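Written below as C-alpha cells is the structure these notes are about.
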Amino acid sequence: MKVLRTDIVMDVGESLNPAIDIGQIEGAFVQGYGLFVMEELLHSREGHLLTKGPSMYKIPTMNDIPREFYVSILRGLSNSRAVYSSKVIGEPPMTLPTSVFFAIRNNARRDKKLSIDFRFDSPATVERIRIACENEYSVRQPSLSENGSNCQNSWSINV
C-alpha cells in the first residue's frame, strides 16, 4: 500500500520559522500514518506486551512517505494570546492520517458491500485489510475482535 499524494494546509499563526514548522507538520503526518496504518501492538494472552520496540513492529520508513507531499502554511492568522502570535503545530497534524485509515476502511467496505458501520480497527495492517476484504483464505482466520482483544494467533510470524 502506498499513499500517492498528500496536501496539507495548516494554520500555525504567525510562524516563527516556516521551515521548522513545515518539517514538524511532515514529521507528525508520517508518525500518525504509522500509528493509524502500521504500528500494531500485540499482547500475549497473559497481557504482556509482545511488540516492545521498533524491531518488533513496522514503523514508517522513507518508502512510506507520500510520493507527492505538499505542505502549505496559512498566512496572517495570528494568535494574540501566544508567544509571538504562534500556534501549536507538533501534535495536530498527527491526526491527519486518519484520512488514510478511513480511505482504506471505505475501500474494504465497498469491496465487501458492507454498511458504513462495520468494524475495522486501527491500525489498518495488511492482515486486517485482508480479513476485512474476505476471501476463501481470510475466512479461516478468527476475527480480530473475537475475544475483545488482538492477542489471538496472527498471520504474522516473529522470527
Side-chain angles (χ1 to χ4, degrees), residues 1-42 51-79 82-139 141 143-145 150 154-159:
M1 174 177 49
K2 179 76 175 159
V3 176
L4 301 178
R5 180 178 172 144
T6 298
D7 293 272
I8 300 172
V9 178
M10 195 82 186
D11 175 5
V12 300
E14 294 296 327
S15 178
L16 302 176
N17 187 326
I20 289 176
D21 290 345
I22 289 171
Q24 287 283 69
I25 294 165
E26 291 170 340
F29 180 88
V30 174
Q31 186 177 2
Y33 177 78
L35 175 68
F36 293 111
V37 179
M38 304 169 77
E39 300 171 13
E40 184 176 20
L41 298 178
L42 298 174
T51 49
K52 294 184 180 178
S55 65
M56 300 296 291
Y57 60 86
K58 188 174 180 186
I59 61 172
T61 66
M62 290 293 293
N63 292 328
D64 298 306
I65 296 172
R67 289 185 184 147
E68 295 181 55
F69 201 171
Y70 302 102
V71 176
S72 301
I73 295 175
L74 291 175
R75 305 269 183 215
L77 300 169
S78 63
N79 179 7
V83 176
Y84 298 110
S85 297
S86 62
K87 294 182 182 176
V88 66
I89 59 156
E91 288 76 21
M94 210 168 136
T95 62
L96 297 176
T98 56
S99 61
V100 176
F101 171 79
F102 285 112
I104 294 167
R105 182 185 187 276
N106 286 341
N107 230 352
R109 179 187 59 81
R110 188 175 33 240
D111 185 58
K112 223 172 143 179
K113 297 177 179 57
L114 293 172
S115 69
I116 195 83
D117 60 353
F118 86 105
R119 182 166 181 168
F120 185 73
D121 296 333
S122 176
T125 60
V126 174
E127 294 90 352
R128 288 184 178 174
I129 294 168
R130 173 127 183 166
I131 290 168
C133 293
E134 280 188 8
N135 64 22
E136 61 183 289
Y137 302 106
S138 64
V139 295
Q141 173 70 16
S143 168
L144 288 174
S145 59
N150 62 349
S154 172
W155 289 13
S156 298
I157 299 172
N158 291 327
V159 181

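Since this is a predicted model, take the numbers as computed values, not measurements.
When side chains are defined from C-beta on, Glu40 does not count as touching Tyr57, because their heavy atoms never get closer than 4.5 Å. At a threshold of 4.5 Å between non-hydrogen side-chain atoms, the residues Val100 and Tyr33 count as touching. Considering only heavy atoms from C-beta on, Asp64 stays 4.5 Å or farther from Val30 through its side chain.
Applying the ring-ring contact (aromatic ring centres under 6.0 Å, His included) rule to Phe102 yields no partners; only residues at least two apart in sequence or on another chain are considered. Residues that satisfy the salt bridge (Lys or Arg N to Asp or Glu O under 4.0 Å) test with Asp11, not counting sequence neighbours, are Lys87.
No donor-acceptor distance shorter than 3.5 angstrom exists from the side chain of Lys58 to the backbone of Val37, with no hydrogens or angles considered. For Ser72 (side chain) and Val9 (main-chain N/O), no donor-acceptor pair under 3.5 Å exists by modelled atom type. Side-chain atoms of Asn106 never come within 3.5 Å of backbone atoms of Ala103 as a donor-acceptor pair (strictly under, hydrogens ignored).
Atoms CE and CD1, on Met38 and Ile59 in that order, are 8.0 Å from each other to the nearest 0.5 Å. Atom OG1 in Thr6 sits 3.5 Å away from atom CZ in Phe29 (nearest 0.5 Å). Between atom CG of residue Leu96 and atom CD1 of residue Ile8 there is a gap of 5.0 Å, rounded to the nearest 0.5 Å. Residue Glu26 holds its CD atom at 12.5 Å from CE of Met10, rounded to the nearest 0.5 Å. Here the CZ-CD1 distance, from Arg105 to Ile129, works out to 13.0 Å after rounding to the nearest 0.5 Å. Atoms CD1 and CZ, from Ile104 and Phe120 in turn, are 6.5 Å apart once rounded to the nearest 0.5 Å.
Nearest heavy atoms, Pro18 versus Arg75: CG-NH1, 4.3 Å. Looking at every heavy atom in both residues, Met94 comes nearest to Phe36 through O-CE1, 3.5 Å. When every heavy atom of Thr51 is checked against every heavy atom of Leu42, the shortest pair comes out as OG1-N, 3.0 Å. Taking every heavy atom of both residues into account, Ile25 and Val71 meet most closely at CG2-CG1, 3.8 Å.
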Check: For Leu35 and Gln31, what are the C-alpha separation, side-chain angles and deciding distance, and is it a side-chain contact (heavy atoms from CB on, under 4.5 Å)?
Finding: CA-CA 6 Å; Leu35 175 68; Gln31 186 177 2; over 6 Å; no
